[in-house]
Amino acid sequence: MFYAGGVKANVLFFEKKPPRAKGSHNTSKLWVYDLRTGKHFTLKQRPLRRSDLDDFVKVYKPDEPRTAREVTERFKCFDYDELIARDKVNLDITWMKDPALDDADSLLPPEVIAQEIVADLQAALGEFTAIAEALGGETAADADDLPPTETI
């Protein structure tokens, strides 16, 4: 579980199967459970507890065949063709809308929002730094060697 603000984590379950013939695929359906929307876990104020996973375990039906699974508000099935058609086959799949975004009274406290913004910006900076390094450009670490810039 990733607790850093702005870090969205997915847990993937794989089953080892023998390889299929070239050109075919083992996965025909992907089940996705959304534990992100409307849930805001933190290390101190709202840590993830086992009880937060009870609904997932119930709908995942670990001791039953996949054919016994049913779609719920948080648990959906996507076909291979739907997934492969996504931009860059992105598996960051969302379909639920966070109710906190509609109700100003249920918004997260400003300090939590600020922490999430900082984490998002730091993650973005890390990604841009990696891109700059891959392109052979200068990074923030090299900035100490650059002349100071003038603030307007």
Side-chain angles (χ1 to χ4, degrees), residues 1-137 139-141:
M1 179 68 193
F2 298 93
Y3 281 103
V7 175
K8 294 176 172 75
N10 293 319
V11 178
L12 305 175
F13 296 88
F14 295 96
E15 292 179 6
K16 186 172 183 174
K17 294 183 177 183
R20 289 194 178 178
K22 186 173 180 151
S24 66
H25 52 286
N26 272 346
T27 302
S28 59
K29 295 180 183 279
L30 173 73
W31 284 90
V32 177
Y33 186 89
D34 185 340
L35 186 64
R36 299 186 295 194
T37 305
K39 309 276 186 170
H40 301 281
F41 299 106
T42 63
L43 278 175
K44 295 180 182 174
Q45 288 93 2
R46 174 102 169 73
L48 179 68
R49 304 206 187 288
R50 171 59 176 88
S51 60
D52 294 313
L53 300 173
D54 286 346
D55 182 62
F56 167 73
V57 173
K58 182 177 124 192
V59 298
Y60 184 75
K61 300 182 180 184
D63 298 325
E64 298 181 42
R66 270 190 228 109
T67 55
R69 293 181 184 162
E70 296 175 8
V71 172
T72 68
E73 179 185 25
R74 288 195 177 273
F75 198 47
K76 288 198 175 221
C77 185
F78 296 89
D79 290 325
Y80 174 86
D81 292 332
E82 289 177 86
L83 298 169
I84 208 71
R86 295 176 61 85
D87 183 37
K88 299 178 186 174
V89 193
N90 183 345
L91 295 181
D92 185 13
I93 300 172
T94 58
W95 62 90
M96 296 179 67
K97 188 172 180 188
D98 195 334
L101 299 176
D102 289 335
D103 181 10
D105 292 334
S106 65
L107 289 176
L108 295 172
E111 62 273 12
V112 173
I113 294 171
Q115 289 170 346
E116 289 184 1
I117 291 170
V118 167
D120 286 345
L121 291 172
Q122 287 173 335
L125 181 59
E127 290 182 30
F128 282 120
T129 299
I131 291 169
E133 288 172 354
L135 296 172
T139 64

Within the 4.5 Å heavy-atom criterion, are [X] and [Y] side-chain neighbours or not?
X: Lys58; Y: Asp54; answer: no
X: Leu91; Y: Val32; answer: no
X: Leu121; Y: Leu125; answer: no
X: Arg50; Y: Val57; answer: yes

task = Output yes when a side-chain donor or acceptor of Arg46 lies under 3.5 Å from a complementary backbone atom of Lys39, and no otherwise.
result = no
ask   = Under the 3.5 angstrom rule, does the side chain of Arg74 hit a backbone N or O of Asp34 as a donor-acceptor pair?
value = yes
request  = For Val89 and Ile84, work out which heavy atoms get closest and say how close.
outcome  = CG2-CD1, 3.9 Å
message = On a heavy-atom basis, which atom in Ala68 and which in Lys61 lie closest, and how many Å separate them?
response =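 So the minimum-distance heavy-atom pair works out to O-NZ, 2.8 Å.
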query = Counting only heavy atoms not in Glu82, do more than 12 fall under 6.0 Å of its CD?
reply =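 Enclosed: over 12 neighbouring heavy atoms sit under 6.0 Å from CD of Glu82.
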request  = Fit a plane to each ring of Tyr33 and Phe75, take the angle between them on a 0 to 90° scale, and name the class: parallel (under 30°), tilted (30 to 60°) or perpendicular (over 60°).
outcome  =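 Tyr33 vs Phe75 ring planes: tilted.
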query = In terms of ring plane angle, is the pair Phe78 and Trp95 parallel, tilted or perpendicular, where the classes change at 30° and 60°?
reply =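 Judged by the thresholds at 30° and 60°, the geometry between Phe78 and Trp95 is tilted.
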ask   = Can you tell me how far the CG atom of Leu48 sits from the CG atom of Leu53, to the nearest 0.5 Å?
value = 5.0 Å
